[in-house]
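So the structure is just underneath, and the comments pick up after that.
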Amino acid sequence: MLYVTDEQCPIASGYIRSTPLFQVPNLMDELLQRELNPPQQEAVRHTDGPLLILAGAGSGKTRVITYRIAYLMQMHGVLPQNILAVTFTNKAAAEMRQRIEGLLGSAAMSLWMSTFHAACVRILRREADAARLSPQFVIYDTSDQLTLLRQCMKELHIDAELYAPQSIMRRISTLKNELMDPDTFIQEAGDFGLDEIVSHVYPLYQRRLQDNGALDFDDLLMRTVQLMRRHPDVLERYQQRFRYIMVDEYQDTNMAQYHLLNLLAERYRNLCVVGDDDQSVYRFRGANVRNILNFERDYPDATVVKLEQNYRSTGTILEAAGAVISKNSRRKEKTLWTENERGIPIGYFCAQDEVHEAEVICENIAGLHRTEGVAYRDCAIFYRTNAQSRVLEDGLRRAQLPYQVIGGLRFYDRKEIKDVLCYLRLLVNPQDTVSLQRIINVPRRGIGQTSLAKLEALALERELYGLDMIPAALETGVVGKNILAKLRSFHELMASLREEAPQMGVADITREVLERSGYVDALEAEQTGEALSRLENLRELVTAAAEFDSHGEGEGLQDFLTQTALLSDQDNLSDESGSVVLMTLHSSKGLEYPVVFIAGMENGLFPHSRSFDEPAEMEEERRLCYVGITRAEKRLFLTGAARRRIYGVEQSHPPSLFLADIPTSCVQDFSSGAVLEMARQPWASPTSGMTTGNGQARVRPSTSVGAGSSARKSAAARAGSSAAAPYGVGTQVHHQHFGRGVVQKREGDGDQLKLTVVFRDHGIKKVLAKFAPMQPV
DNA sequence: TTCCCGCGGATTTTT
DNA sequence: TCCGCGGGAA
């Protein structure tokens with residue numbers, strides 16, 4: 001056998017025998033012809049050399065990917081272990097694997113089918129030596145990252161008030177996604193502003209990650225690329241191994257992922273990327289649409305296949321989506337079409353406020369369920385920001401409709417779960433100082449801040465990390481006598497757990513930790529409802545661990561921790577539960593539902609107020625809108641509210657400018673008063689849309705309720721807001737020191753007029769209108 | 001050391 | 001509005 005084989009893989013012994021569908025070549029042909037349209041077939045049959053599949057929404061791309069993998073294996077004799085398939089979520093990977101197994105039987109077992117991050121973890125663990133990593137490294141999530149960063153800042157005496165840890169973190173993350181390591185950055189960074197600070201913190205932060213045996217999300221990608229660049233022999237092995245590479249959602253890859261792919265595919269050039277530039281919505285986390293737009297430049301010999309037939313949505317929904325996305329410049333031209341029926345017009349409703357909006361949505365879901373027998377699980381509600389989910393949840397509860405929320409606070413991010421996971425992490429990797437600090441006094445054992453500070457000082461001096469710092473403290477006696485005893489007993493606890501752990505299943509270890517740490521006892525003693533629900537969550541954690549044990553896929557605790565760290569929101573979406581699904585528009589990518597509601601169709605919310613200034617951001621919002629609309633199969637409802645409370649402050653937003661782009665014939669306005677008609681007014685002229693020129697004022701769908709077009713005035717009147725110019729609630733302002741902001745609240749009047757303003761970069765401030773160096777924009 | 005209260009900051013989106 | 005943190009008191 002020519003190809004590199006996977007040592008762990010029994011050469012797919014089953015796969016030749018267990019392929020009912022593909023035994024004979026012409027059967028395969030027949031199958032492809034029956035199941036796929038001509039461009040889809042072309043994509044499947046193109047096996048060698050670079051391939052770009054531009055897959056419009058709902059054009060059957062998952063089907064193409066799965067059939068292509070099956071085709072490679074069956075018709076070209078490609079071994080499953082020579083294929084790398086990268087998807088966006090674990091859920092997508094699992095589904096795809098299942099479908100391939102449906103076609104080929106168990107042959108697909110040894111196929112690498114996972115997210116970028118999961119694939120990188122796998123590589124890094126195997127190549128830990130070359131990557132100069134501890135093989136039992138742990139993965140830090142956002143909050144761990146921030147904890148570590150804060151410590152680094154403290155160590156360097158950088159004022160966290162002056163430089164928000166979050167912005168430094170964001171910057172470091174961006175740098176990592178651009179493959180900029182600390183050494184390089186020191187040379188390139190300016191010696192002023194944020195970057196000057198970052199040039200000090202980033203190297204230390206990175207060193208501390210290493211000391212703690214930890215990697216953050218971005219490291220997973222960056223370190224893998226570094227590994228491949230520095231070790232040609234390792235790279236060569238993986239190039240040989242992954243002769244065929246397929247990437248889904250290519251439009252959302254960042255620079256690190258882009259380079260990794262190019263490195264791996266360099267040798268055989270069998271790189272197949274699938275994506276849709278119109279669905280690129282992760283710019284904020286480093287995704288670069290140029291990756292897909294430039295694929296043909298990167299691989300001049302690339303074959304390009306466009307999948308433009310949509311099988312998902314009604315003609316009406318597709319037309320609306322097309323109208324919205326067509327306003328974007330810089331896109332690959334493609335026209336989605338469908339043979340599906342026109343369907344029912346899109347419903348629009350402008351509610352009085354957000355509570356009313358939720359009510360209307362619930363009434364409609366209940367109505368569809370009652371009169372048309374629509375299952376709850378076939379209904380989804382999307383929104384722009386997680387904050388919107390609460391009111392919707394309240395509504396659903398009141399209407400007694402079953403629902404599940406995807407995203408928001410992840411299960412594994414809950415305090416009690418995170419605590420226990422930190423115990424487990426320490427068992428795997430005793431160097432992990434961040435975890436130690438989190439749990440050393442949880443539950444309370446009387447090891448307080450002062451003692452901890454002494455411990456830390458000692459650790460810093462002697463360069464000790466994690467559990468190692470405790471014996472040192474015991475010897476030197478830097479802490480008082482009774483603290484000493486407490487430290488000792490904690491250390492003994494951890495030592496004995498560590499000894500037992502390797503022999504036990506994950507569920508048993510978890511139970512052991514819960515019992516012996518006193519965590520459960522402490523919660524039981526609390527006797528509050530909150531403690532009860534935490535206990536409930538912990539039970540759920542044990543269940544998840546037991547499930548993990550029984551699947552037997554991983555190798556114990558280590559893999560369980562990795563899995564929990566890399567789990568995405570979508571991954572715990574269950575189709576079984578029969579409930580209405582709530583999620584952000586971002587999370588909705590890649591999914592489809594017969595009935596879709598998009599709530600909060602208002603300027604300032606969607607498109608989000610932070611995107612008005614930058615055309616590129618605005619285009620991203622528009623793509624997000626396109627994504628949302630194209631999730632719908634049969635029915636789409638768009639809703640908004642004339643008023644809503646945000647941070648407890650009442651605001652009123654005009655209808656979303658995206659509504660104005662949807663052709664009249666596609667929508668039916670159910671609002672009282674012709675709201676949609678009014679919404680169309682300000683932006684309906686030929687000059688509407690985005691103008692980037694400086695001279696001509698960009699059409700600004702402002703949230704102001706003061707001066708403005710008659711349409712906006714009447715919207716304000718209906719909303720019942722005070723309309724006194726120049727600082728009405730919602731007015732966009734510019735402040736000499738604080739920059740851009742939006743007026744949130746007015747108090748007093750005349751010279752005493754006080755304004756609460758939300759500034760884009762400086763948070764909420766109260767200013768006296770008379771004195772503030774500020775004007776409306 | 002811990003608990004409680006008050007204040008300020010935050011929210012765009014997430015592997 | 002809600003959450004997390006810091007400061008002060010027991």
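Being a predicted model, the structure only gives us computed values, none of them experimental. So you know, we letter chains A, B, ... as the sequences are listed, proteins then strands, and number each from 1.
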Sugar-phosphate only, base, or nothing, as touched by Asp218(A) at under 4.0 Å among non-hydrogen atoms: nothing
Donor on one side chain, acceptor on other, Asn328(A) and Tyr626(A), under 3.5 Å: no
Donor-acceptor pair present, Arg610(A) side chain and dT12(B) base, under 3.5 Å: no
Under 4.0 angstrom between Arg283(A) side-chain N/O and dT12(B) OP1 or OP2: no
Pair Tyr519(A), Asp419(A): side-chain N/O donor-acceptor within cut-off below 3.5 Å: yes
dT14(B) OP1/OP2 closer than 4.0 Å to side-chain N/O of Asn386(A): yes
Under-4.0 Å side-chain N/O to phosphate OP1/OP2 contact, His608(A) with dT12(B): yes
5'-most by nearest nucleotide on DNA chain C - Gln449(A) or Arg390(A): Arg390(A)
Sugar-phosphate only, base, or nothing, as touched by Ser587(A) at under 4.0 Å among non-hydrogen atoms: sugar-phosphate
Sugar-phosphate, base or nothing in reach of Tyr282(A), heavy atoms under 4.0 Å: sugar-phosphate
side-chain N/O Arg444(A) vs dC3(B) OP1/OP2, d < 4.0 Å: yes
Residue pair Gln151(A) / Gln437(A), side-chain donor-acceptor N/O under 3.5 Å: yes
